[in-house]
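Notes for the one structure printed next.
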Amino acid sequence: MVIRPSSAWREDVAAEAREVAAGRMEPGEAFLAELFPEALLTATDAVLQGFETDVRGLAGASDEQVMAVVERVVLALNAVNESFDGAAYETGEREQLCEYLDRVLVDGGVDVPALAGRLGIDRYEITDEWRDW
């Protein structure tokens, strides 16, 4: 099972809060709760859960069907990003999201390198057509 980036971000927020509570970090140094507000984590979780469900139904799917699932998740993440003034996902988060999408597809039986090859793109470019984040 692939761990959702939003789950990892939520744990990072909690770990930072524990550090502050234990006195090992000054409150003014803590920034993760601001970077990853609960509303962002919840919205991202919902999108990624939907993607996981969609991927489970891709056994034997055509390239067009796989790419339709990729398009849906990317557009949904675009909407989350927009709801946070276009600043929900920074470079590191973008990379984590793309890696997550790739790994979920692979775990779901999609040969991502072969798919990308048939489309004439690099494996890590499958989101590029729609991605605003």
Results of side chain to side chain donor-acceptor pair (under 3.5 Å) for [X] - residues two or more places apart only:
X: Gln49; result: none
X: Arg4; result: Glu52
X: Glu71; result: Trp130

Q.
Can you tell me how far apart CE (Met67) and OG1 (Thr127) are? Round to the nearest 0.5 Å.
A.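 If I round to the nearest 0.5 Å, the distance is 8.5 Å.
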Q: Drop me the distance from Leu40's CG to Phe84's CZ, to the nearest 0.5 angstrom.
A: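 Rounded to the nearest 0.5 Å, the CG-CZ separation comes to 4.5 Å.
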For residues 110-118, which side-chain donor-acceptor pairs fall under 3.5 Å, sequence neighbours excluded?
{"residue": "Asp111", "atom": "OD1", "partner": "Ala114", "partner atom": "N", "Å": "3.2"}
{"residue": "Arg118", "atom": "NE", "partner": "Asp63", "partner atom": "OD1", "Å": "3.3"}
{"residue": "Arg118", "atom": "NE", "partner": "Asp63", "partner atom": "OD2", "Å": "2.7"}
{"residue": "Arg118", "atom": "NH2", "partner": "Asp63", "partner atom": "OD1", "Å": "2.7"}

Where do [X] and [Y] come nearest, in terms of heavy atoms and distance?
X: Asp128; Y: Tyr124; value: OD1-O, 4.1 Å
X: Ile126; Y: Val70; value: O-CG1, 3.6 Å
X: Val55; Y: Val104; value: CG1-O, 3.6 Å

Q: Go through the steps to decide whether Leu58 and Leu105 satisfy the test side-chain contact (heavy atoms from CB on, under 4.5 Å), and finish with yes or no.
A: CA-CA 9 Å; Leu58 287 178; Leu105 288 168; 4.2 Å; yes
Looking only at atom types and distance, does a side-chain atom of [X] sit under 3.5 Å from a main-chain N or O of [Y], one as donor and one as acceptor?
X: Asn81; Y: Ala88; value: yes
X: Glu93; Y: Glu90; value: yes
X: Asp54; Y: Val69; value: no
X: Asp85; Y: Ala87; value: no
X: Gln65; Y: Ser62; value: yes

Q: Kindly indicate whether the side chain of Arg131, heavy atoms from C-beta on, has any atom under 4.5 Å from the side chain of Cys98.
A: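 When only atoms from C-beta onward are counted, Cys98 and Arg131 do touch, with a gap below 4.5 Å.
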Q) Do Pro5 and Thr44 have side chains that get closer than 4.5 Å, going by heavy atoms? A)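 A side-chain contact is absent here, since even the closest heavy-atom pair is not under 4.5 Å.
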Give the cluster check for [X] versus [Y]: same hydrophobic cluster or not, with ILVMFWY residues linked at side-chain heavy-atom distances below 4.5 Å.
X: Leu119; Y: Leu75; value: yes
X: Leu97; Y: Ile121; value: yes
X: Leu41; Y: Leu35; value: yes
X: Ile3; Y: Tyr89; value: no

Q: Just do the side chain to side chain donor-acceptor pair (under 3.5 Å) check on Ser7 and Arg10 with the steps written out, would you?
A: CA-CA 5 Å; Ser7 295; Arg10 184 176 276 111; 5.0 Å; no
Please output the side-chain donor-acceptor pairs of residues 24-34 that fall under 3.5 Å, not counting sequence neighbours, one pair per line with the distance.
{"residue": "Arg24", "atom": "NE", "partner": "Glu19", "partner atom": "OE1", "Å": "3.1"}
{"residue": "Arg24", "atom": "NE", "partner": "Glu19", "partner atom": "OE2", "Å": "3.3"}
{"residue": "Arg24", "atom": "NH2", "partner": "Glu19", "partner atom": "OE2", "Å": "3.1"}

Q | Thr53 and Arg56 side chains, donor-acceptor separation under 3.5 Å | A |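 The criterion, which ignores hydrogens and geometry beyond distance, is satisfied for Thr53 and Arg56.
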(Q) Taking ring pair (Phe, Tyr, Trp, His ring centres under 6.0 Å) as the cut-off, I'd like each qualifying pair that reaches into residues 3-24, sequence neighbours left out, listed once. (A)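 Qualifying pairs: Trp9-Phe36.
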